[in-house]
Amino acid sequence: MKVHTPSLQSRLPNVGTTIFTVMSALATEKGAVNLGQGFPDFDCDPRLIEAVTEAMKKGLNQYPPMTGVPVLREAVAAKIKTLYGPAYDPVSEITITAGATQAILTAILAVVHPGDEVIVLEPCYDSYVPNIELAGGVVVRVPLTPGTFRPDFDRIAAAITPKTRAILINSPHNPSGTVWSRADMLQLQDLLEPTEVLLISDEVYEHMVFDGQQHQSAARFPGLAARAFIVSSFGKTYHVTGWKVGYVAAPAAMSAEFRKVHQFNVFTVNTPVQHGLASYMADPKPYLELPAFYQRKRDLFREGLKRTKFRMLPSEGTYFQCVDISAVSDLGEADFCKWLTSEIGVAAIPLSAFYGNGFDQHVVRFCFAKKDATLNAALQRLVRL
Ligand SMILES: Cc1ncc(COP(=O)(O)O)c(C=O)c1O
C-alpha cells in the first residue's frame, strides 16, 4: 500500500506565519520585554476567577443553549441599553461567541456570498481579510488617512458599489489607537443610509476610551444599528484574552442568519465561563473604571517615551501607543522591530503588518497593557536609543 497525503490547494494561499508569532518568538529567544502582542501581563480580578469556579462547582458544566446562557445575554443587553441606549432583545438579538474573532468570521460567512465586495479600512486587524476570502468575497481595501488614521469618507464613498455587501469598521482602533467621533459615525450613517450595505462594527476596545471621550458605539445610531453586527470581547474588558468569549448584538433578522452559521461552527461557548461572566457583570464598576485604569498606564508610558527620540502619535483609546521611528532609524518598520527586539530588548509590532501591501510609514505599535514594572523596564531600554 502506498501511503500518502493527497495534495492540497490552499483556501488561503497568502496566509503564512504572522508577524505577531515571529516577534513573540524572537522576544522569548532574546529575553526582550514584549510590548508586541496585545495582551495584559497581569492577572484578572480574582472575583472573576471565583465566579467561574463557583459555576463549575455548581455543576454548570454541560452544553449551554446555542445562543449563549440567558443570564449572560441579559447582562449584555442591559449593559448596551445603559451605556448606548437601544434595547436589544437578549432572546433574538444577542449571541455569545468564542471571542470577537469567531464572531467576525461567523458574521462574514453568514452574509457574504461569493463575489460580494466587503470594504476594510487599512490598517486593520489581521483576521478580516482572510475571513472575507474564505467566504469567497472580494476584499476592497480603503486606507485610513496616513498620519492621522482618521476615516476618509470620500474614499469610502468612492469604494461603495452595487456589489458592496458590508463594511468593517473598528473603533477604538487597533493598531492606531484612534477613536471615531460622533461626527464620524453620523457621516457613516448618512453614507450608508441609501445603500444595502451591512456594517460589521468591531468594538472590542469599547471600554478603553480616554480623556473623557465617550465610545461611539454603532448601537447609539439607529440607522447604523439597524444594519450592524456589533462585536465585542470579554477578553479585552476583563483582562482574560485567553478565555475567548465575546458577543454579537444585531437586529433579529441578522442574528437569525448569524446563528445559522454559529450553530455549525462552534455551536456553543464554554458554560461555566459564561455564568461566571454574567455574575461578575452585575457590578458595572470593573468596565466603568477601565478607561481610568488604562489611561494611567498610557500616561506613564507616554511620560517615559518623552525621554526617547520617538515621535508619539495620539492614543485616544485601546491599549496601544504608536510611535514614528524616523528620528531613531532608517530601517523599514519590520526590520526595525526585529532589531529593536534583538539589540535593545523591546518587542514592538510594525504597522505595515496591518496593510495588505505592507505600506511602510515608519510607525510601530507598542502595547501598554502591562505591569508598571514591565513598562518601566522597556522604557529604560528605549531611552538608550
Ligand atoms: C481589533 C480587534 N478585533 C478583534 C480581536 C480579537 O478578539 P478576541 O480575542 O475576543 O477574539 C482583537 C484582538 O487583538 C482586536 O485587536
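Counting starts at 1 for both ligands and their atoms, in listed order. Note that the structure is a prediction, hence the values are computed from the model and not measured.
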Need the ligand 1 atom indices (1-based, order shown) with element for anything under 4.0 Å from a heavy-atom of Asn170.
1 (C)

Looking only at non-hydrogen atoms, the one of Phe39, Tyr247, Tyr319, Tyr205 nearest atom 16 (O) of ligand 1 is Tyr205

Atom indices of ligand 1 within 4.0 angstrom of Ser233 heavy atoms, with elements:
8 (P), 10 (O)

Pairing of Asp45 and Lys285 as salt bridge, 4.0 angstrom limit:
no

Per-atom contacts of ligand 1 with Asp202, taking only distances under 4.0 Å to non-hydrogen atoms
1 (C), 2 (C), 3 (N), 4 (C)

Measuring only between side-chain heavy atoms, which start at C-beta, is Glu316 closer than 4.5 Å to His173?
no

Is there a heavy atom in Phe234 that sits closer than 4.0 Å to ligand 1?
no

To the nearest 0.1 Å, how far is atom 9 (O) of ligand 1 from its closest protein heavy atom, and which atom is that?
Lys244 NZ, 3.0 Å

Should the pair His239 and Phe42 be assigned to parallel (<30°), tilted (30 to 60°) or perpendicular (>60°) ring geometry?
perpendicular

Mind checking whether Phe368 and Tyr319 have ring centres under 6.0 Å apart?
no

Do Val142 and Asp152 have side-chain heavy atoms sitting under 4.5 Å apart?
no

Numbered atoms and elements of ligand 1 in range of Asn174, under 4.0 angstrom, heavy atoms
1 (C), 15 (C), 16 (O)

How close does the nearest protein non-hydrogen atom get to atom 13 (C) of ligand 1, and which residue and atom is it?
Lys236 NZ, 2.6 Å

What I want to check is whether the side chains of Thr95 and Arg259 have a donor and an acceptor closer together than 3.5 Å.
yes

Checking side-chain contact (heavy atoms from CB on, under 4.5 Å) against Val248, which of Ile94, Thr106, Thr97, Ile230 comes through?
Thr97

Note the single closest protein heavy atom to atom 7 (O) of ligand 1, along with its residue, its atom name and the distance in Å.
Ala100 CB, 3.5 Å

Out of the candidates Ser352, Pro123, Pro146, only one should pair with Phe359 under the side-chain contact (heavy atoms from CB on, under 4.5 Å) rule; please name it.
Pro146

Ligand-side contact atoms (ligand 1) for residue partner Gly99, heavy atom cut-off under 4.0 Å
10 (O), 11 (O)

With respect to Gln102, determine whether any N or O atom, backbone or side chain, lies less than 3.5 Å from an N or O atom of ligand 1.
no

